[in-house]
A.B. asks: 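Right, I'll just put the structure down here and ask away after.
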Amino acid sequence: MSTPQLELGLDTFGYVTVDESGQPLPPDVVIRDYVEEAVLADSVGIDSFNIGEHYRPDFMDSAAHVMLAAIAGRTNRIRLGTAVTVLSTQDPVRVYTNFATLDAVSNGRAQLVVGRGSLTESFPLFGFDLADYEELFEEKLDLFTRLLRDQPVTWSGKFRSPLVNQYVTPALPPGHLPTWVGVGGSPQSVVRAARYGLPLMLAVIGGPPGRFAPLVELYKRALVAYGHPPLPIGMHSHGYVARTDQEAVDIQWPYWKETFEKAALERGWALPTMPRFQAERAEGSLYIGSSETVATKIAAMMRLLGLSRFDLAYATGRMPHQQRLATIELYGREVIPRVRELLADHPVPAISTSYASAGATAQPGV
Amino acid sequence: MSSGEAGDRRLGIVGAGRVGTTIARAAIAAGYDVAISGSGAADRIALIVEVLAPGARPVSTEAAVSHADLIVLAVPMHRFRELPRDLFAGKILIDAMNYWEEIDGVDQELATAPSGTSVVVQGRFPSARVVKSLNHITYYKFDEGRRPHGAPGRIAMAAAGDDRAAVAAVMQLIDKLGFDAVDAGPLEAGRALEPDGPVFGVSYSADELSNLLLPSASSA
């Protein structure tokens, strides 16, 4: 399995979208629409489609591996990943079986980002205490990396039953199921990713992306300290591409405002305003504009932070399916080629793929 | 030497996450002698401090507290009760923490605190002189919002506390860090600085911030 030098993909949380008259669509229609969007993404040359994990009525991404398998059956090329897998409230054994099987049916195209996510409803839903987050994540990441790299596994921990000489199927060929660690800005999370020898996915959803440069430096130094080779660094941020900057703002703003007003009231954030929205576009973490505007900003940030992967969390909010398809088309046909062109003279250094599966030894016959 | 005197530029920071390292970096830039601690031994945060707050010294929690009269408390809110009750005896303790349910879990005492979370912190550390501050501006503004005293357009930060001398010392720190300082009044008035309050996460001038904090802001 080869790793593309630059990986430019899409993220979605499966927002429940509205029809042309503003009425929410039924959940099953929403889910099939996202599968169609991924099929389009594949046809326009986008490298990956990555789905989140939420358990709320306004998000339809509670079973990403099923949607990704449906997409796998309709495509040959696009990589199939998670924008986040909330590993703390999952069983690492099930995550392994689900995504190793996805990798098999997709002929080697599965990938993961494991992390916190920004919403926490999975904790009470699955019976976990948020205050245990760090311990849960550490323990489950430990088990998951063992399953990737070191089967059969003998393991014990605090939060799930032990494994003794356990094979978990299917075995992955070497270099499959690359597993990235999503971080939001915590230095401890960055150091943990380095300690495990896993590539880093920066979730940058507000403020100037350049302020992550010290965290990138910390990651690189920590990799050296832990004796790991250089590993890739990626970033995901929100955006929308249209034919002009103004059109992109006009289309995205109402859904942005609606989504973040709701979140602000729930979570005590400052309310979204157009000046703040524009400031985020100009200097912050929003990639909203024409193909040239978005491509220029993506390339600049990838160069600034030394990234080899960027995922656009496209079309935030309840935006209708047709407008989502339109931005996917532009992102694949115009933005991505332009980013590659702008970065052609700044090649990304070769990196090790030791962060993916080690290739299990032959499992015992039944 | 008591804090607030011109010569004392020592700061101790308990907590080496995003908040603690950001404040350490700003304090180093302001010429402070900074000692910072994390949840384990000093060597566990040495690399983090070297990269994110070069010039600050990673030390044990006890050493960070004994380093200065002015201490910043920047641990995750769901862990502050792990610290010993008399750890900050006699210190000016700047409570820079914020309660976030999605990070800290449901904490009934904090969620329902009628006078704000810093009053709960004061209750946990009765021998400390708690001042609520450094918690309400977006953390990256600590880096890019710094301006020298008297520069136009400085962002403001507020300080709330019952010990007036402690508040004055914290206001001097704010000024040296590069921001205008606003006295927000007694510790319970600090509730207005919390995430669900009227000023959180937005940059204001001193006049704007004072007006938003009225009537809780006491006159100078």
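To find a chain, count down the sequence lines: A is the first, B the second, and so on, and within it residues start at 1. Only a predicted model underlies this, so the values are computations on that prediction, with no experimental measurement involved.
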A.B. asks: Taking A/E139 for the side chain and A/K158 for the main chain, is one N or O donor matched with an acceptor at less than 3.5 Å?
C.D. replies: yes
A.B. asks: For B/D175, which of B/R146, B/R147, B/R154 qualifies under salt bridge (Lys or Arg N to Asp or Glu O under 4.0 Å)?
C.D. replies: B/R154
A.B. asks: Any residues in residues 273-280 of chain A near chain B, with a heavy-atom distance under 4.5 Å, and which are they?
C.D. replies: A/R276, A/E280
A.B. asks: Measure A/L265 against the heavy atoms of chain B and call it side chain, backbone, both or neither at under 4.5 Å.
C.D. replies: neither
A.B. asks: B/R57 and side-chain contact (heavy atoms from CB on, under 4.5 Å): which partner among B/V49, B/D33, B/I36?
C.D. replies: B/D33
A.B. asks: Answer with side chain, backbone, both or neither: which region of B/E101 has an atom nearer than 4.5 Å to a non-hydrogen atom of chain A?
C.D. replies: backbone
A.B. asks: Atom CZ in A/F212, atom CG in A/L305: separation rounded to 0.5 Å?
C.D. replies: 9.0 Å
A.B. asks: Give, as side chain, backbone, both or neither, the part of A/R221 having an atom under 4.5 angstrom from any heavy atom of chain B.
C.D. replies: both
A.B. asks: Only pairs of heavy atoms separated by less than 4.5 Å count here; which of A/G206, A/G207, A/P187, A/P214 has the most with chain B?
C.D. replies: A/P187
A.B. asks: Under 4.5 Å, counting heavy-atom pairs only, tell me which of B/G197, B/G201, B/A16, B/G38 racks up the most with chain A.
C.D. replies: B/A16
A.B. asks: Highest number of heavy-atom pairs under 4.5 Å with chain A: which of B/D196, B/V199, B/I103, B/T21?
C.D. replies: B/I103
A.B. asks: Should the pair B/D95-B/R124 be classified as a salt bridge under the 4.0 Å nitrogen-to-oxygen rule?
C.D. replies: no
A.B. asks: Can you tell me how far the OG atom of A/S62 sits from the CD atom of A/E53, to the nearest 0.5 Å?
C.D. replies: 8.5 Å
A.B. asks: Anything under 30° is parallel, anything over 60° is perpendicular, the rest tilted; go ahead and classify A/F137 against A/Y133.
C.D. replies: parallel
A.B. asks: Nearest 0.5 Å, what's the OG1-CZ distance between A/T89 and A/F126?
C.D. replies: 6.5 Å
A.B. asks: Can you tell me how far the CD1 atom of B/I71 sits from the CG atom of B/L11, to the nearest 0.5 Å?
C.D. replies: 7.0 Å
A.B. asks: Chain A heavy atoms under 4.5 Å from B/D104: which part of the residue, side chain, backbone, both or neither?
C.D. replies: backbone
